[in-house]
2 protein chains.
Amino acid sequence: MSSNQPPATGKTRLVRAAGALSKPKASSAEAIAYQALENLAREVALISSTASSLGWDQETYMPPLAVEYRAGQLSYLSAKAHGLFTGKSFRTLLDRAQSERLTPTQSANLAEWQRELDRASKIPTNLVAEESEVTSRAKHAWSEAKNRSDFAQFAPHLAEIVRIARKKAALWGFADEPYDALLAGYERGASARDITGLFDYLKPRVSQIAKQAVERSQSLPKNLLRGRYPLEKQQQLNREIADSIGFDFQAGRIDTTAHPFCTTLGPRDIRLTTRYDLSDFTSSLFGVLHEAGHGLYEQGLPASDFGLPSGSAVSLGIHESQSRLWENHVGRSTSFWERWFPRAVELFPNLRKILLSDFLQHLHRAAFSFIRVEADEATYDLHIFLRFDIERRLLNGNLEMHQVPDAWNAASEELFGKVPPNDAQGCLQDIHWSMGGLGYFPTYTLGNLNAAQLFQKANSQRVVTSAIRRADHQPLLHWLRENVHSFGASRSPKEIIANATGRPTDPAPYLNHLRKRFTR
Amino acid sequence: MSSNQPPATGKTRLVRAAGALSKPKASSAEAIAYQALENLAREVALISSTASSLGWDQETYMPPLAVEYRAGQLSYLSAKAHGLFTGKSFRTLLDRAQSERLTPTQSANLAEWQRELDRASKIPTNLVAEESEVTSRAKHAWSEAKNRSDFAQFAPHLAEIVRIARKKAALWGFADEPYDALLAGYERGASARDITGLFDYLKPRVSQIAKQAVERSQSLPKNLLRGRYPLEKQQQLNREIADSIGFDFQAGRIDTTAHPFCTTLGPRDIRLTTRYDLSDFTSSLFGVLHEAGHGLYEQGLPASDFGLPSGSAVSLGIHESQSRLWENHVGRSTSFWERWFPRAVELFPNLRKILLSDFLQHLHRAAFSFIRVEADEATYDLHIFLRFDIERRLLNGNLEMHQVPDAWNAASEELFGKVPPNDAQGCLQDIHWSMGGLGYFPTYTLGNLNAAQLFQKANSQRVVTSAIRRADHQPLLHWLRENVHSFGASRSPKEIIANATGRPTDPAPYLNHLRKRFTR
């Protein structure tokens with residue numbers, strides 16, 4: 001096909017791909033169908049991770065005019081992966097494997113595949129296509145509506161999205177309410193009832209802490225750090241810090257994008273991104289710490305099980321627990337900055353005039369922001385409570401579409417003591433709904449709770465505590481590897497938390513952490 | 001499949017691929033089979049260009065430990081594309097389309113597919129697998145042998161490669177000798193007999209020019225440009241120049257690799273690379289000019305025919321003509337540097353002490369190098385003559401494997417007046433043979449000839465000449481677009497050259513160019 005495909009040019013023109021798919025691990029010899037399932041799942045993962053590579057490139061380096069063709073490639077790969085996973089071979093093998101003698105991990109993988117396939121099978125192809133069309137139009141409309149700050153323009157699209165979400169929830173089935181069925185796609189084993197109970201408990205407590213934190217912050221200078229922070233030096237510091245907490249640059253990298261993210265291109269290929277504010281080095285750094293938290297989780301999953309549930313992240317709530325743990329519990333702690341502030345001062349001379357104690361106070365400044373993605377640790381969950389309540393009412397049919405801005409503004413008044421000046425800074429701020437991402441937001445707060453609970457438990461080990469005091473995070477990472485990462489999705493999020501900490505997800509460690517940091 | 005695939009994390013976690021494959025252009029309504037062929041060919045291109053994206057990433061940004069999994073992805077995609085192109089559907093449609101009413105371009109595409117499929121079909125799967133194994137071992141052995149400068153270590157592998165190449169040539173069939181069949185894979189319509197005639201004519205003439213050029217250069221200072229050329233400023237100049245000759249950065253970019261190359265990731269996504277020498281800015285710049293020449297060709301192919309022969313580069317000889325044209329005829333010319341030298345002086349103050357005339361003389365310095373990739377314009381083809389002769393004798397069974405180093409050294413003595421100190425700088429220097437790339441080298445010299453002939457013809461248009469004098473290359477690019485790029489592979493290389501210049505490939509313009517530049 002030399003001239004059908006344009007030949008690559010230059011010195012590497014002759015370089016051809018070589019190598020083969022990784023082989024499944026040998027196990028119980030009689031598990032023939034199970035092994036074939038593993039092969040298929042690995043093939044699905046190979047295609048999906050190829051799409052992730054294209055997606056990463058699209059966000060980082062792709063030239064603008066390439067976007068249309070790239071969209072076609074991504075949609076093709078996504079359809080191929082989906083077709084393979086939901087195809088007849090996979091189903092047949094899944095049935096056959098049920099009667100095979102399997103190891104506990106193999107059984108867990110089988111159960112996960114069954115669960116995912118059940119979910120995928122319940123949604124007819126025409127509904128998938130309809131959703132894709134609706135969200136494609138909705139994303140466009142949302143962007144326009146946000147620019148004009150005009151919710152009415154987005155409302156009919158959101159109505160369509162809610163209608164489809166309810167339809168999907170009905171097809172999937174749920175115990176109490178439609179929200180359960182949607183949430184299950186992000187957080188296995190979670191329910192709207194549990195979340196409601198949790199949030200009802202958290203809301204007055206977090207609100208009170210937030211209020212105190214905001215009040216206390218009012219006397220602090222806003223622009224303490226303002227100065228010149230050259231890009232290369234920020235990159236240098238970020239890299240040193242990511243390396244020191246254990247992020248493996250032989251199996252990952254950091255690039256620059258408008259919105260920070262972490263994505264997995266292969267079992268040893270985890271890519272982080274951040275963005276740079278040349279007048280404040282902490283913006284890129286906390287982006288890196290957050291995404292490196294996700295990245296450490298991905299690097300800690302069993303590489304040999306890449307593409308199997310046992311080699312995959314278990315849920316968004318657990319994923320977010322890892323990012324929050326490194327960003328907030330490690331990255332905003334005194335011992336961390338006792339180690340790193342002197343290095344930052346070396347790189348950024350204008351920090352010389354700042355005391356470490358003032359710097360730490362600055363990191364713990366709190367303010368009521370209208371925008372979730374700009375919110376600080378003390379006020380972040382309030383944004384989640386607000387969204388969860390509105391989403392749930394929409395899905396239960398207890399809120400009319402036209403009432404959304406008023407509901408949003410009323411909740412904003414209640415939680416932040418002020419109303420956003422317009423819908424762009426209110427109910428139009430997040431992209432999630434326009435993409436059909438209903439049932440997603442609570443996983444952020446679950447992540448906060450899990451982070452605190454895991455960190456507290458890890459930190460109760462003497463070897464972890466004493467190392468952290470020296471800003472040595474190896475023992476902490478080791479503990480997380482052993483108690484969280486290594487399981488992949490072979491246990492449920494609840495099982496992982498209970499097994500690691502001795503009890504189910506519990507608000508106490510998180511509230512203690514917030515109180516200690518923001519009210520003392 | 002949320003937990004089967006690790007969820008992407010961070011702010012873009014919800015971003016999903018959207019869009020669809022580009023639709024084939026409407027044409028003769030009755031060409032049903034032909035249209036289906038186009039769809040299949042576009043699907044093959046979609047998969048192959050996905051592999052190109054992964055290949056680009058592997059060379060530019062991929063972390064080292066990702067290499068094994070990436071190799072598996074590349075080999076999977078390559079097998080998928082090959083399977084689709086050589087599968088039953090494609091064959092059946094190809095037969096059916098023969099009797100359909102087609103446009104001339106459609107007929108040309110059909111003929112190209114037929115030719116490529118015939119070639120692909122004649123090689124049995126076990127020979128493909130054997131070659132893949134042999135070259136995989138050979139690449140490793142070559143690298144080791146080169147490190148130790150020990151041809152004997154590589155000889156048995158090269159013998160295997162020659163054996164397989166002869167087998168393939170026999171299966172493909174040839175008029176005169178096995179070389180023809182291999183060459184046809186890179187340069188449709190070329191033959192060893194033509195190349196031999198051409199090289200016999202060129203050899204004494206190029207040798208004489210080279211000798212004069214080398215002698216004349218001996219009085220020139222070697223290190224005229226030596227200085228400090230900061231990376232960012234080199235990148236700035238390279239970008240300005242690539243932009244000024246017409247490379248579209250909305251549909252392409254420049255990155256850094258150990259060996260410069262140009263690769264196509266999509267119809268509007270052409271990626272160049274170069275490498276930087278911080279003590280000499282011309283190294284990265286001429287890398288960019290060469291690769292941008294390839295890139296301008298790729299950007300000039302009909303984007304709507306991406307993946308069809310009519311939207312693909314026609315041959316390596318034509319591809320190389322574009323890179324050489326921009327690198328040597330444009331990039332080493334007086335009018336070009338009258339425009340760009342002052343800008344270079346602005347960016348690199350240590351050039352201030354250098355006269356433009358001295359700079360140009362420096363660019364035209366010639367020396368006999370043992371290493372092809374380091375050879376200058378005056379001596380480059382000598383390296384090709386040498387390789388062609390040895391390859392041909394090997395394939396015809398007129399040279400024993402153990403005689404290769406002696407044959408190489410004797411030719412080196414004859415052409416350069418000196419013998420390489422060891423095999424690493426002699427017959428082990430190129431990676432091509434270890435990858436099975438026999439029959440490839442002559443396309444470099446064909447590129448040189450075509451470049452000169454096309455440039456001479458374009459330059460005979462008054463509008464092109466007068467613009468070039470002002471370093472305005474728009475009319476030149478326009479001429480190349482119209483006379484070369486726009487045809488893709490819907491005409492043969494020979495047809496393109498004859499149509500563009502009024503006569504077949506002819507050594508005169510090239511020899512005139514070399515004489516003018518190196519002997520006056």
Side-chain angles (χ1 to χ4, degrees), chain A residues 1-12 14 17-22 46 48 50 53-54 57 61 63-66 69 71-76 78 85 112 116 136 185 250-253 259-264 266-269 291 294 298 309 312-314 316 319 432 435 437 489, chain B residues 1-12 14 17-22 46 48 50 53-54 57 63-66 69-76 78 85 112 116 136 185 250-253 259-264 266-269 291 294 298 309 312-314 316 319 432 435 437 489:
Chain A
M1 293 184 293
S2 62
S3 81
N4 191 33
Q5 281 318 300
T9 61
K11 310 303 180 296
T12 62
L14 274 168
L21 278 165
S22 55
L46 185 144
S48 305
T50 294
S53 288
L54 298 191
D57 179 70
Y61 296 110
L65 290 179
Y69 193 76
Q73 290 175 312
L74 286 170
S75 121
Y76 177 86
S78 151
F85 181 67
E112 257 309 274
E116 288 168 6
S136 169
Q250 296 294 300
R253 41 180 297 122
H259 301 281
F261 65 88
C262 168
T263 181
T264 294
R268 289 185 181 86
D269 193 354
E291 302 308 335
H294 288 300
E298 293 285 331
S312 305
V314 65
L316 296 191
H319 230 307
H432 297 56
M435 311 183 93
Chain B
M1 293 184 291
S2 61
S3 80
N4 192 31
Q5 282 318 301
T9 60
K11 309 303 178 296
T12 63
L14 274 168
L21 277 166
S22 54
L46 185 145
S48 304
T50 294
S53 288
L54 298 191
D57 178 70
L65 290 178
Y69 193 76
R70 180 59 55 90
Q73 290 175 313
L74 287 169
S75 122
Y76 177 86
S78 152
F85 181 67
E112 258 307 275
E116 288 168 7
S136 168
Q250 296 293 301
R253 41 180 297 124
H259 301 281
F261 65 89
C262 167
T263 182
T264 293
R268 288 184 181 87
D269 193 354
E291 302 308 336
H294 288 300
E298 294 285 332
S312 304
V314 65
L316 295 191
H319 229 307
H432 297 57
M435 309 183 94

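Just so we're on the same page: letters track the sequence lines, and every chain starts at 1. Note: hydrogens, waters and symmetry copies are ignored here, and every other heavy atom, side chains too, is used.
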- Query: Who are the side-chain contact (heavy atoms from CB on, under 4.5 Å) partners of A/S53, not counting sequence neighbours?
  - Reply: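 A/S53 satisfies side-chain contact (heavy atoms from CB on, under 4.5 Å) with A/L265, B/L54, B/R70 only.
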- Item | Those residues that, when tested against B/R253, pass salt bridge (charged side-chain N to carboxylate O under 4.0 Å, His left out) (two or more places apart) |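 Scan of B/R253 (salt bridge (charged side-chain N to carboxylate O under 4.0 Å, His left out), adjacent residues dropped) gives B/D255.
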Heavy atoms only: give me the nearest [X]-[Y] pair and the separation to one decimal.
{"X": "B/Y76", "Y": "A/L46", "value": "CD2-CD2, 3.2 Å"}
{"X": "A/Y69", "Y": "B/G266", "value": "CD2-CA, 3.9 Å"}
{"X": "B/P63", "Y": "A/R268", "value": "CG-O, 4.3 Å"}

- Are any of the side-chain heavy atoms of B/L65 and A/D269 separated by less than 4.5 Å?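 Side chain of B/L65 against side chain of A/D269, heavy atoms only: no contact under 4.5 Å found.
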